[in-house]
Amino acid sequence: MGFKKKDNQIYYNPIRRAVLNHQMIQPGDKVAIGMSGGKDSTSLLYFLDMISKQKRLGFEFDIVPITLAMGFDMDSAPLEKFVEELGYKLDIVPTNIAQVVFDIREERSPCSLCAKLRRGILYKRAREMGCNKVALGHHLDDAIETYFMNFLFHGQMASFEPISYLSKTDITLIRPLLYIEEKQIIQFVKREELPVIFNPCPVDKKTKREEIKHLVNGLAQNYPNIRDKFIMGMEQGEAENFWTKSMTSIK
């Protein structure tokens, strides 16, 4: 795949800003990237690869792409090819998560258990691969949606942390796309023709988070700078109760 030579500063600058503001990546880090095959994690690998190779942080760092085979019928070949063309080998971890969540447990609200199982396996594999950090593809819209979900469903005014140390696994979790809007990622993926694998999960697009996404988009029509204001809140924030330890599990 030959990537188009265009100016990507509109994407790189916010990512670099998020990484530097929250000291997400340091010299000597080995960063695992959780790859789902979706647009967010695919873009995250592309961006962090370029940032590392071009030393936009002033140094290079190691990257390890990891994906979990969930047990669904999904063709990972396009993702493997994309990863290889960037110079890496995709580490594919077999799991029975789909069977546990949908067949054994028959979860009516499966997202929470699924996320817990995925995170546990991903963090364990990252440590086995010698990584000290795990990067996830959560973007600005995810952060805003999480804030509203915590507020509406839990009565908590908090979003997920940009960076957090997980003592049980000795892994630091980072979210470098925190200042990037979802629509920017969509535009970038289309422009660069990055591979996006269809999500076969039976509850995809049928969750509470999808409802909140529509709520945020509706607010943005009346308050176009709502996302910029949220970033201001985060940067001024580092407020004591603004961050929660993980993404809300409500779906």
Side-chain angles (χ1 to χ4, degrees), residues 3 6-26 29 31-54 56-57 61 63-67 79 82-83 86 88 115 118-119 122 126 131 133-149 159-164 171-192 194-197 199 209 212-213 216-217 220 226-235 237-238 242-244 246-248:
F3 297 109
K6 293 187 178 181
D7 183 8
N8 290 323
Q9 293 300 111
I10 187 176
Y11 306 101
Y12 289 126
N13 286 345
I15 296 172
R16 183 175 180 273
R17 176 177 156 201
V19 169
L20 292 175
N21 278 2
H22 300 284
Q23 299 181 327
M24 294 183 185
I25 301 175
Q26 305 291 337
D29 280 346
V31 183
I33 300 181
M35 306 286 297
S36 67
K39 67 183 189 312
D40 303 330
S41 58
T42 298
S43 299
L44 177 61
L45 174 61
Y46 182 93
F47 290 134
L48 288 188
D49 172 66
M50 292 297 105
I51 285 173
S52 176
K53 288 175 179 174
Q54 296 175 12
R56 289 174 178 260
L57 299 178
F61 51 92
I63 291 173
V64 179
I66 300 175
T67 190
L79 183 61
F82 167 72
V83 170
L86 290 179
Y88 306 96
R118 282 188 289 113
R119 296 288 179 83
L122 175 60
C131 300
K133 290 184 178 174
V134 170
L136 299 180
H138 297 140
H139 46 67
L140 176 58
D141 288 81
D142 286 327
I144 299 174
E145 290 159 16
T146 297
Y147 182 87
F148 277 103
M149 290 179 74
S159 186
F160 51 68
E161 294 179 296
I163 177 171
S164 54
I171 283 285
T172 298
L173 186 63
I174 62 174
R175 295 178 167 97
L177 300 185
L178 189 60
Y179 294 171
I180 296 284
E181 295 181 34
E182 183 175 30
K183 69 178 181 182
Q184 292 177 295
I185 294 175
I186 293 172
Q187 292 166 355
F188 182 81
V189 166
K190 288 181 178 178
R191 196 190 79 184
E192 298 294 341
L194 302 188
V196 175
I197 298 176
N199 184 354
R209 179 167 289 276
I212 299 298
K213 183 184 296 290
V216 172
N217 288 334
I226 185 174
R227 292 177 174 88
D228 293 332
K229 287 293 197 296
F230 193 84
I231 291 177
M232 288 175 58
M234 286 192 294
E235 290 188 333
E238 296 300 335
F242 187 79
W243 308 117
T244 185
S246 62
M247 281 184 78
T248 179

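- Residues passing the side-chain hydrogen bond (donor to acceptor under 3.5 Å, both in side chains) test with Gln54, sequence neighbours excluded: Arg56.
- In the displayed structure, Lys53 atom NZ is contacted under 6.0 Å by more than 12 heavy atoms of other residues, nucleotides or ligands.
- When atom types are taken as modelled, the side chain of Ser159 and the backbone of Ala143 share a donor-acceptor pair closer than 3.5 angstrom.
- Between the side chain of Lys39 and the backbone N or O of Ile185 there is no donor-acceptor pair closer than 3.5 Å.
- In this structure, the side chain of Thr67 engages the main chain of Met35 through a donor-acceptor pair within 3.5 Å.
- In this structure, the side chains of Gln26 and Leu57 stay at 4.5 Å or more apart for every pair of heavy atoms.
- Taking CG of Leu173 as the start and CD of Glu161 as the end, the distance is 9.0 Å to the nearest 0.5 Å.
- Under the 30°/60° scheme for interplanar angles, the aromatic rings of Phe188 and Phe47 are found to be tilted.
- Going from atom CG of Asp142 over to atom CE of Met149 covers 10.5 Å, rounded to the nearest 0.5 Å.
- In terms of heavy-atom proximity, Glu182 sits nearest to Asp141 at N-OD1, 2.8 Å.
- Shown here for Arg209 and Thr146, the closest heavy-atom pair between the two residues is NH2-OG1, 3.0 Å.
- In this structure, CG on Leu20 lies 12.0 Å from CD1 on Ile15, to the nearest 0.5 angstrom.
- Between Phe82 and Leu45, the closest side-chain pair of non-hydrogen atoms falls below 4.5 Å.
- Distance check, rounded to the nearest 0.5 Å: CZ of Arg191 to OH of Tyr11 gives 5.0 Å.
- Atom CD1 of Ile25 sits about 8.0 Å away from atom OG of Ser52, to the nearest 0.5 Å.
- Partner of Pro176 under the side chain to side chain contact (heavy atoms under 4.5 Å, CB included) criterion, out of Ile51, Leu48, Leu136: Leu48 alone.
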